[in-house]
Amino acid sequence: MMNTLILTLITVLAVFSCSPAAEPLPFPEIIPFPQHVESSRGTFDASEAEVVCPDELDSLSKAYISSFSDRLSSVKGHSAGKNRIVFKTDPSIKDEAYSIKITPRKITVRASGLNGFVYAVQTLKQMMPADIYGTAPAPDADWLLPCCTIDDCPRFGYRGMLIDVARYFSSVEEVKKFLDMMEIHKMNVFHWHLTDDQGWRIEIKKYPELTTTGSKRRHTLVGHHHVSNEYDGIPYGEGMWYSQEEIREVVDYAASKGITVIPEIDLPGHMMGALAAYPHLGCTGGPYEVLGKWGISDDVLCAGKEENYRFLENVLEEVCALFPSEYIHIGGDECPKTRWETCPRCQAKIKELGLEDDDKHTAEHYLQSHVMKRMAQFLAERGKKIIGWEEMLQGELPQGSTVMAWRRNKYGHRAAKLGHDAIMSTRTYLYLDRYQSEDKENEPLAHSSYLPVEMVWAYDPYVSEDEKAGPLTEEQKKHILGIQANVWREYIPDNNHLEYMTYPRMDAVAEVQWLLPENKDWDRFRKGLDRMRKVYDLMGYNYATHVWDEEQELD
Ligand code: ACM
Ligand code: ZN
């Protein structure tokens, strides 16, 4: 009799404890999707949750978790209840990886440092109602999270986004808003393209004219640069540069989200901003004008004048003091050799260095390698490494340099085969200044080709276009540090438009950067975009609606 009673009691208890959710709740389609999710039965009610953050965490992680805790408390609109979200440092977890275990009463988050905690929090937020991205209380939203175990880590260590603030400027607030979205997408590098032919936008104390003169252009081209000769007659750029104070503010803001800021000082080409400010930097001595048109300029830094190397070093010295990043990007792209070919100083330098044409490159290419190598050396003495665009392959690669491929994958692969690191930023898939519809007439002016979300999402950094060179070996693949998408600004004058070009393509970028190809699933990602759209709406971001519009047309 007693035994029967106990048995009945056990049965009742067992049925009762499982009954709220007999089947595991489906896991939400978050972006980027975690590498490994194991669902279990039951739910965790986040509206009853209190965040527990132990004292031993580093200060950045504590601040980050505490702001998540504040947001959760204010948005869920209930007082803390019986459930706990506990954060724990676990040194055995790899850098940037994290694990989350969700049981009915407790969520345990483990990571070894700030980045892992950032990504864990972002995963938890995406599992919650979109209201968590706003500030208004939403006590009636569905705060139940499915019980599960998540083990997640990124595919690539370098997950970058570039904004070109030289062609058109972004205010500090606009840059921060962009960083907020990078954070949500678990990205960790902000490549800040600060100088170009159309404007110099970073304060350098030793050379004040770089910003007071070099940031301003007389006018700007109207329409497409291969077609138009018309200018708007409106001066652009007055006051549009960052003080060193503002640079530090952005660097710190990014760091609080686990994002490293890599500045780019583009040299020795793309320097008309600097040449307009200090004409002696050029081969002809000018006068020069900050460009109002797009494309590239024959006027570049004179590589024959020793004092120009001092100039670059002085600029980079200040840059090093502002950016804690191990990497400094020194450009190196699209530098015509026209002036160098006829400049007596450049030719004298070529002779002095004993540079000669060979069957692959000209002496002037090797002169550019000389500039890049000297800067790499200068930065190495300050504990920094350089990144340069793929043109660095024309000539000799500076020791320890990382190549950023932009025209084709094969240039990144070539670097990897030479034992150098590479970052893939292949324009056909990752330049977000391209059209989002084939119906170009009804789109704002954009750069040439068509790049829908699907195509970004399908990007494969290992595809080789070079049959002769063949695919990368597993060992060579380790040199591909990661992937970056670039928002070049020739046709993107303001932030509203920048957001239109960036979102939701950034979602696809994030998934390519984070998720292993075998774990990708288009249908799941597509549903994830619906979730993300709510986030964009709630946080007040502009975005392109082509993904949704085109499906409506098919219905
Ligand atoms: C580039 O697009 N010139 C890097
Ligand atoms: Zn010269």
Side-chain angles (χ1 to χ4, degrees), residues 160-167 191-198 225 262 264-272 274-275 278-286 288 291 294-309 311-312 329-353 355 362-368 370-372 387-394 402-409 411-412 415 422-434 446-449 451 484-492:
M161 286 292 305
L162 170 151
I163 309 185
D164 164 14
V165 294
R167 276 57 179 259
H191 174 168
W192 209 355
H193 185 79
L194 288 161
T195 68
D196 214 305
D197 291 322
Q198 293 79 13
H225 105 91
I262 298 184
E264 181 184 354
I265 306 297
D266 204 346
L267 62 94
H270 285 283
M271 285 193 74
M272 287 300 280
L275 266 58
Y278 298 101
H280 60 81
L281 293 172
C283 288
T284 65
Y288 304 109
L291 294 191
W294 316 127
I296 52 181
S297 161
D298 279 341
D299 286 302
V300 301
L301 185 84
C302 176
K305 296 179 189 168
E306 242 344 90
E307 60 270 29
N308 284 359
Y309 294 87
F311 167 82
L312 294 180
H329 201 305
I330 59 169
D333 58 324
E334 300 180 311
C335 178
K337 306 297 185 283
T338 326
R339 295 287 179 265
W340 292 2
E341 282 161 8
T342 56
C343 168
R345 289 187 188 83
C346 285
Q347 289 305 314
K349 187 59 113 185
I350 283 174
K351 214 158 157 197
E352 176 198 323
L353 297 167
L355 307 177
T362 65
E364 285 75 18
H365 283 123
Y366 289 106
L367 181 58
Q368 176 161 347
H370 172 74
V371 177
M372 303 301 275
I387 303 176
W389 296 107
E390 69 195 25
E391 284 90 333
M392 273 203 310
L393 289 155
Q394 298 165 355
T402 296
V403 171
M404 190 170 266
W406 65 274
R407 285 171 301 190
R408 300 288 203 98
N409 279 359
Y411 297 110
I423 296 155
M424 308 304 282
S425 195
T426 310
R427 61 184 172 189
T428 320
Y429 297 90
L430 297 164
Y431 272 25
L432 304 188
D433 57 352
R434 314 282 147 140
H447 200 296
S448 57
S449 59
L451 178 55
Q484 176 176 292
N486 301 342
V487 190
W488 298 108
R489 295 286 287 280
E490 285 90 338
Y491 306 112
I492 307 182

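When a residue number appears, it is its place in the shown sequence, counting from 1. Remember, predicted model here, so these are calculated numbers, not experimental data. Basis for what follows: all heavy atoms, side chains included, without hydrogens, waters or symmetry-related copies. In each ligand, atom 1 is the first atom listed, and ligand 1 is the first ligand listed.
- Within the 4.5 Å cutoff, the side chain of Trp488 has no heavy atoms near those of the His447 side chain.
- Under the 3.5 Å distance criterion, with hydrogens and angles disregarded, no donor-acceptor pair is assigned to the side chains of His225 and Glu490.
- Side-chain atoms of Thr362 come within 3.5 Å of backbone N or O of His365 as a donor-acceptor pair.
- Of all atoms in ligand 1, listed by their number and element, those nearer than 4.0 Å to a heavy atom of Tyr431 are 1 (C), 2 (O), 4 (C).
- Shown in contact with Glu334 at under 4.0 Å from a heavy atom are these atoms of ligand 1, numbered in order with element: 3 (N).
- The closest side-chain heavy-atom distance from Lys349 to Leu367 is below 4.5 Å.
- With the Zn ion (ligand 2) as the vertex, SG of Cys343 and SG of Cys283 span 110° to the nearest 10°.
- From the protein, the heavy atom lying nearest to atom 3 (N) of ligand 1 is Asp333 OD2, 2.8 Å.
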